[in-house]
2 protein chains.
Amino acid sequence: MQTANAALNSHAAPSAALLRGTPLARSAPEASALGSFRRLAKDEEVFVEGDRAAFFYKVQSGAVRTFKLLSDGRRQIDAFHLPGDIFGIEPGEEHRFSAEAVGDATVISYRRSNLNAETKDAGDIPNEMIPAVLLSLVRAQNHMLLLGRKNAVEKIASFLLDLSGRTANTDQIDLPMSRTDIADHLGLTIETVSRSLTQLERQGTIELPAHRRCIVLRNKPALERLDM
Amino acid sequence: MQTANAALNSHAAPSAALLRGTPLARSAPEASALGSFRRLAKDEEVFVEGDRAAFFYKVQSGAVRTFKLLSDGRRQIDAFHLPGDIFGIEPGEEHRFSAEAVGDATVISYRRSNLNAETKDAGDIPNEMIPAVLLSLVRAQNHMLLLGRKNAVEKIASFLLDLSGRTANTDQIDLPMSRTDIADHLGLTIETVSRSLTQLERQGTIELPAHRRCIVLRNKPALERLDM
DNA sequence: CGATGTTTTGAAAGACTTCAAGACAGGTGG
DNA sequence: CCACCTGTCTTGAAGTCTTTCAAAACATCG
């Protein structure tokens, strides 16, 4: 079970500017000064549910998925973390998720205990990390609505819009993750993801080029109507 | 749209002890010193999505539901808040949920701006409120697994165990909420909730007395096996 | 004891999943 | 440069679970 953290050799405190900005602003990747790099191969573990939460992380390149498993292997990916995103902050001593690289990725790890002790509060979460926690919460709350009350096509539409807003300036999305990952994020099966994408393509809302990891948004208003 | 907040006349700062304790500890209801009371009738609104988040709240008696709606009326109840629970804390200026009393209830409202200014951090969330935010996050994350990957009976089992852990010392649960509320919390329909309860009763895992708002847990280990 | 709102149950329909096969892209080696 | 291999993605058909529509049962309360 213990794996990932052993590979870390971080000993520096993170920059105070780590999480500056508006509550929901993502700090830019280049703003991360101190902390140790870690290069991850596709599907490599960063930490496993139950590990001691000695570090938290910021994605520098690639993408990371955090997820929980049921005993029979069913998986729920609570979030994909893109460059600039922070993940692995825990209220308690242990990680309550597992984290893996979606594709090849690099992350910066920060030793939790190295943060200024006096900035710590009752929750044992330093002030600088609170915006990241709040962002997680907002996303989790929106995602509950998606998981509980949207149908397959609506889930896909919301997902594409979210990803588009977080990554692309254009209407072209380069998916870092597989259909299986998308399915486990949206509470669907891989086949339903595929069929929903096909359906959106047939009605001209999106375009699915030959390269399967790419999706072009052809009719954003139509997607937005599905997202309300 | 604007409604609830107008009825408030709070002007006192909340106790510093408002949120003392371990990160996930719920502060006891009686620990809430300052802040103004508000008595709520069944289904009465506390605030509506989009309202200015001038206050946050602590439940003193009864229960409160917070929820989001899709444009066609589909509802996702993200959480039920029981005595001692805090709700309505927002990262931004607006409430991102609506809140209503499940049955008759009383809450204490705290004016957000009255908190010590110097304790505020980048996220505009005072330190004292962080444990409540963290608790919300943990619950939201667990709930995503439930919504995305559990079947109806498993959802009900998890829900009953959660409620049992939060309210009862006995194996008897007095539900504050209707089947409709449960359905909208678990991403099911009222009929499926009812059928799942019946199924659990038939296999002897729970008991459903004539008083429909009461459920007796007859076989907690069986429920826990469904919850893994 | 009847009126009302809630909950349960039944039957049919629908959405999504499962199982299975086929299509395709990208990489490897000839 | 092409054939083949491999992993991923798509599509089809059948099955399952949940929803929808409808009605009956039940508790609560005046």
Side-chain angles (χ1 to χ4, degrees), chain A residues 41-43 65 70 72-76 102-104 146-157 159-160 173-203 206-216 226, chain B residues 41-43 65 70 72-76 102-104 146-157 159-160 173-203 206-216 226:
Chain A
K42 179 165 141 64
D43 297 327
R65 59 179 170 254
L70 292 176
D72 63 355
R74 279 173 287 176
R75 183 177 70 157
Q76 177 64 39
V102 170
D104 292 352
L146 178 149
L147 291 171
R149 286 299 179 221
K150 292 184 185 175
N151 65 32
V153 171
E154 291 169 338
K155 285 177 177 180
I156 294 288
F159 174 70
L160 293 178
I173 302 175
D174 280 296
L175 299 174
M177 72 291 284
S178 69
R179 300 289 192 261
T180 302
D181 282 337
I182 297 173
D184 285 351
H185 183 49
L186 302 182
L188 299 170
T189 59
I190 173 179
E191 294 94 333
T192 301
V193 169
S194 182
R195 277 186 257 264
S196 302
L197 286 170
T198 301
Q199 183 179 331
L200 286 171
E201 182 178 40
R202 269 197 277 254
Q203 62 195 44
I206 63 172
E207 189 183 327
L208 298 169
H211 177 39
R212 287 338 207 298
R213 291 297 178 89
C214 177
I215 295 180
V216 183
L226 288 168
Chain B
K42 178 165 144 63
D43 297 326
R65 60 180 170 254
L70 292 176
D72 63 356
R74 280 174 286 176
R75 183 178 69 158
Q76 177 64 40
V102 170
D104 292 352
L146 177 149
L147 291 171
R149 285 299 179 221
K150 291 184 184 176
N151 65 33
V153 171
E154 293 169 337
K155 285 178 177 179
I156 294 288
F159 174 70
L160 293 178
I173 302 175
D174 279 296
L175 300 173
M177 73 290 286
S178 69
R179 299 289 191 263
T180 302
D181 282 336
I182 297 173
D184 285 351
H185 183 48
L186 301 182
L188 298 171
T189 60
I190 173 179
E191 295 94 332
T192 302
V193 169
S194 181
R195 277 186 257 264
S196 301
L197 286 169
T198 302
Q199 182 179 332
L200 286 170
E201 182 178 41
R202 269 198 276 253
Q203 61 195 45
I206 63 173
E207 190 183 327
L208 299 169
H211 178 38
R212 285 339 208 295
R213 291 296 177 90
C214 177
I215 295 179
V216 184
L226 288 168

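Just the heavy atoms: all of them, side chains too, but no hydrogens, waters or symmetry mates, feed the values below. Letters go in sequence order (proteins before strands), and every chain restarts at 1.
The nucleotide range of DNA chain C contacted by chain A, defined by atoms under 4.0 angstrom from heavy atoms of the protein and reported 5' to 3', is dC16(C) to dG26(C).
Taking atom CG on Asn151(B) and atom C1' on dT16(D), their separation rounds to 11 Å, with Å as the unit. With rounding to whole Å, Ile190(B) atom CD1 is found 14 Å from dA22(D) atom C1'. Here the P atom of nucleotide dC9(D) and the CE atom of Met177(A) are 11 Å apart, to the nearest Å. Rounded to whole Å, the distance from CD on Glu191(B) to C1' on dC17(D) is 14 Å. Taking atom CG of Leu200(A) as the reference point, atom C1' of dT10(D) lies 15 Å away to the nearest angstrom. Atom P of nucleotide dC17(D) and atom CG of Leu147(B) are separated by 19 Å, given to the nearest angstrom. Nucleotide dT18(D) holds its P atom 12 Å from the CG atom of Leu146(B), rounded to whole Å.
Under the side chain to side chain contact (heavy atoms under 4.5 Å, CB included) rule, Ile182(A) has a single partner from Leu188(A), Ile190(A), Val193(A), which is Val193(A).
Nucleic acid contact for Leu197(B): none, since no nucleic acid atom lies under 4.0 Å from a heavy atom of the residue. When heavy atoms are screened at a 4.0 angstrom cut-off, Ser178(B) is found touching the sugar-phosphate backbone but no base atom.
Comparing dG12(D), dT18(D), dT8(D) against the side chain of Lys42(A) picks out dT8(D) as the nearest.
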Candidate pair Arg75(B) and Asp181(B), rule salt bridge (Lys or Arg N to Asp or Glu O under 4.0 Å), full reasoning: CA-CA 9 Å; Arg75(B) 183 178 69 158; Asp181(B) 282 336; 2.9 Å; yes
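Looking only at side-chain heavy atoms (C-beta outward), Ile156(B) and Leu160(B) come within less than 4.5 Å of each other. Residues Cys214(A) and Ile173(A) fail the side-chain proximity criterion, which asks for heavy atoms closer than 4.5 Å. With a 4.5 Å cut-off on side-chain heavy atoms, Thr192(A) and Ser196(A) count as touching.
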Dump every N/O contact between nucleotides 23-30 of chain D and the protein below 3.5 Å, one line per pair.
{"unit_1": "dT28(D)", "atom_1": "OP1", "unit_2": "His211(B)", "atom_2": "ND1", "d": "3.0"}

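Between Asp174(A) and Arg213(A), none of the side-chain N atoms (NZ, or NE/NH1/NH2) sits under 4.0 Å from a carboxylate O, so this pair counts as no salt bridge. Using a cutoff of 4.0 Å between basic side-chain nitrogens and carboxylate oxygens, Arg74(B) and Asp184(B) are not scored as salt-bridged. A salt bridge is defined here as a Lys NZ or Arg NE, NH1 or NH2 lying under 4.0 Å from an Asp or Glu carboxylate O, and Arg65(B) with Asp43(B) meets this definition.
OP1 or OP2 of dT11(D) sits under 4.0 Å from a side-chain N or O of Thr198(A).
Judged by atom type and distance alone, Arg149(A) does not reach the base of dT19(D) through any side-chain donor-acceptor pair under 3.5 Å.
Across the interface with DNA chain C, nearest-nucleotide mapping of Lys150(A) and Leu208(B) shows Leu208(B) to be the residue nearer the 5′ end. If you find the closest nucleotide of DNA chain C to Thr192(A) and to Arg179(B), the one lying nearer the 5' end belongs to Arg179(B).
With sequence neighbours left out, Glu207(B) forms a salt bridge (Lys or Arg N to Asp or Glu O under 4.0 Å) with Arg218(B).
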